[in-house]
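As structure tokens, the structure follows; a few thoughts come after it.
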Amino acid sequence: MARQYTLHRTAPAGPRIDFAAELNPQQLAAVTAPPGPALVIAGAGSGKTRTLTYRVAYLLENGIRPEHVLLLTFTNKAAREMLDRVAAICPHDLAGLWGGTFHSIGNRILRRHPNEAGFAPGFSIMDREDAEDMLDGVVATLGFDPKEKRFPKGQVVADVLSYQLNTGRSLEDVLLEKYPHFFEFAAELEQARVKYEAKKKKANALDFDDLLEKTVRLLKSNAALAEHYQRQFQFVLVDEYQDTNHLQNDFIEILAARHHNVMVVGDDAQSIYSWRGADFRNILEFPKRHPGAVVYKIETNYRSVPQVLAVANAAISANKQQFQKVLQAAREEGAVKPAMVPLPDSQQQAQFVAQRMLELHEEGIALDDMAVLYRAHFHSMELQMELTRRGIPFELTSGLRFFEQAHIKDVGAFLKWVVNPRDEVAFKRMARLLPGIGARSADALWASVSDALSAADAPLLKKETPTTVIAPVVVAEAEQPVSPIAPAETPTQELPETIANPWEGLPAIKELLLPLKVPAKAKAAWEQLVFTLDELAPGGHLAPPQEMIHSVLEAVYDDYARVNFPNYDQRREDLNTLANFARQYESTQAFLDQLALLTSLDATARNNEETERVTLTSVHQAKGLEWKVVFVIWLADGKFPSSRSLESSEAIEEERRLFYVAVTRAMDELYLTYPCMSFNSAYGDPLQRPSRFLAEVPKTLIEEWEVGGVF
């Protein structure tokens, strides 16, 4: 009979960490938790990263070998930061510890077992552009005639398939919820998915989603391999667990199935990414999936003053689906209460924010310490323009600057060409939107347009200015004193300001353009474009810019955007905002001039070596960040919460969590603003209701400002 011999854990050499001295009592309880499933609810600003870091150190201090620990994060930067911190406090060699993103760990496993996963060694990993190109090739094989139906491009198909894969839902459900305009193509999209998988296999290539999906599939189908990794990873730690999707949660559950030593850390109150597939139920139902799981709450906030936290606690309290917690401030009382600031309209909202920033800067607060948060990128348009006018440098993290976005420039090209038919760049940009017209076809088409314009024998931009006879002005000497530093001059009358009509003397646009030869594939779309351009200048007279934008959208661009952009809804909102902004200009030329001047000023400001910049960001992009002063704008029902969320209680709860994230970004001062009027040409100028989230905050916790003055 074999003798039984037991190995005992030994304490590591070197000084041991005094965990009680380094952590607050709630953090300490989570860090020193016994083996078994554990859910750590770490409130905003409560030291989540510190807790995870010390948990890894605690495991190593207690004899767990590094290779038996798996740390899953959402970014490689987060993993590196945590492991660097562990190395700084713990005298252990961490080389064997597995830490990284879900996809990087998946890639590491697949590289070890490519044959078992159904691929040859040395498989390629396609980036997003490569994947979209391959999907474009697949779509081309489906045989759609662009003159009859506009099937989604590879970029959109990639988004549809990725969302389906990560959520584990049927294609029909995904289309109904997120892409209803493509539901008629459900069968063809399934065909595209099958062909795409076959092409990847033939090319021995994986896309980004495959790195995790193929790993999960491998572990589910190969019991021996699954058991190997389950034995290896005795302790699984997961960061930002509230943001995990169906596929990521499957990965966690498979790897933790043997030892059940899984600690997930997150904040249900900051679960805000359902639109990209995150499943709130993962964190909410963790205790149900893991009987006996212990829930630890970390509620001491080191970021914000008590006045801000009082608003945050009140804001989230209305949510029914949550782990109840109350953030407690480690800091002393601040100097001011959070402010609620109603403004007449969005222009004045922008003016208030810009003026208040300048005042705060005069008081000694750096621009780097200020941020403006909003629900959607298009909410920042007026503010971008106002900051540019005032010379306040800003950094935009929610996307491209408003007027640099492709869809804004596309629609702008229609207006530019109608105002200036000699604008080659604008014309070619329009032409390239059509099916079957690339760079060469656009060049050839422009040559035809240029010849047609010249043949019309009407100089468009160099018309002779009609002679204006100005009667001399006689001024008596006594009434016109002579300047001691400049010779006396006879004053002249101001010439009347007029804007020439570029189509005067030319045939109608449709008569000019319809006869031109275009590729057969583009014929129907070209005719539609020509009739639309003609509508922008009926009878040779330019329509107002707002009407032009609506005409372009309804007749041409809306269909193009649906097919070409995965985030069609957001881009349509941007274009509606552009149209609403244009309503203040009677002349399209004046509208385009203003945009060009402000864009140039903005570019000049960005080229300066400014050390300070205000941050403009969506709330989604702001998660995890903090500033001394935070402005949350557009807090009106239909804007924040968004109009699309108003029909679902679950969606409203996520919007409320988003508001909670926005509030908890503020360290010292918080301004909550909304415009009382929303200018929308289609529906008049309706009054806007303040966001329901503002009504849920007791009035005793905020100070309402009444803004007066000349706007």
Taking the side chain as C-beta and beyond, is there a heavy-atom pair between Leu542 and Leu536 under 4.5 Å? no
Quick one: are the ring centres of Phe185 and Phe151 less than 6.0 Å apart? yes
Does the side chain of Val614 come within less than 4.5 Å of Asp368's, by heavy atoms? no
If we check side chain to side chain donor-acceptor pair (under 3.5 Å) with Glu655, which of these qualifies: Arg375, Arg692, Arg644? Arg375
Taking the inter-plane angle between the rings of Phe581 and Phe403 on a 0 to 90° scale, is it parallel (under 30°), tilted (30 to 60°) or perpendicular (over 60°)? tilted
Could you check Asp574, Val556, Leu575 and say which one makes a side chain to side chain contact (heavy atoms under 4.5 Å, CB included) with Val411? Leu575
Go through it in stages, so that I can follow the logic: the residues are Leu670 and Val663, the test is side chain to side chain contact (heavy atoms under 4.5 Å, CB included), and I'd like the CA-CA distance, side-chain angles, deciding distance and then a yes or no. CA-CA 7 Å; Leu670 175 66; Val663 169; 3.8 Å; yes
Just so I know, are the side chains of Phe182 and Val157 near enough to count as touching, which here means a heavy-atom distance under 4.5 Å? no
Any side-chain heavy-atom pair of Pro641 and Ser691 under 4.5 Å: yes
Considering residues at least two apart in sequence or located in another chain, which fulfil the side chain to side chain donor-acceptor pair (under 3.5 Å) criterion with Tyr674? none
Using the benzene-type ring in the case of Trp, are the ring centres of Trp417 and Phe427 under 6.0 Å apart? yes
Apply salt bridge (charged side-chain N to carboxylate O under 4.0 Å, His left out) to Lys325 and Glu299, showing your working. CA-CA 7 Å; Lys325 65 178 180 299; Glu299 299 168 297; over 6 Å; no
Criterion side chain to side chain contact (heavy atoms under 4.5 Å, CB included) on Phe183 and Glu172, from CA distance to verdict: CA-CA 7 Å; Phe183 188 76; Glu172 288 77 8; 4.0 Å; yes
Ionic contact status for Glu527 with Lys510, cut-off 4.0 Å: no
So is Arg276 actually on top of Tyr273's ring, under 6.0 Å and inside 45° of the axis? yes
What do you reckon, are the aromatic ring centroids of Tyr568 and Phe565 less than 6.0 Å apart? no
Please list, chain by chain and in numerical order, all residues satisfying side chain to side chain donor-acceptor pair (under 3.5 Å) with Gln570, sequence neighbours excluded. none
Ile365 vs Met370 side-chain heavy atoms within contact, under 4.5 Å: yes
Residue pair Gln405 / Arg571, side-chain heavy-atom distance below 4.5 Å: no
Got a salt bridge between Lys178 and Asp159, using NZ or NE/NH1/NH2 to carboxylate O under 4.0 Å? no
Does the side chain of Met677 come within less than 4.5 Å of Pro344's, by heavy atoms? no
Result of checking Asp279, Thr167, Asn282, Asn166 against Asn245 for side chain to side chain donor-acceptor pair (under 3.5 Å): Asn166
Is the terminal nitrogen or CZ of Arg657 (NZ for Lys, CZ for Arg) located under 6.0 angstrom from the six-membered ring centre of Phe280 and within 45° of that ring's axis? yes
Side-chain heavy-atom pair Pro342, Cys676 within 4.5 angstrom cut-off: yes
How are the rings of Tyr671 and Trp705 set to each other: parallel, tilted or perpendicular (split at 30° and 60°)? perpendicular
With a 3.5 Å cut-off and no angle check, do the side chains of Ser551 and Glu535 form a donor-acceptor pair? yes
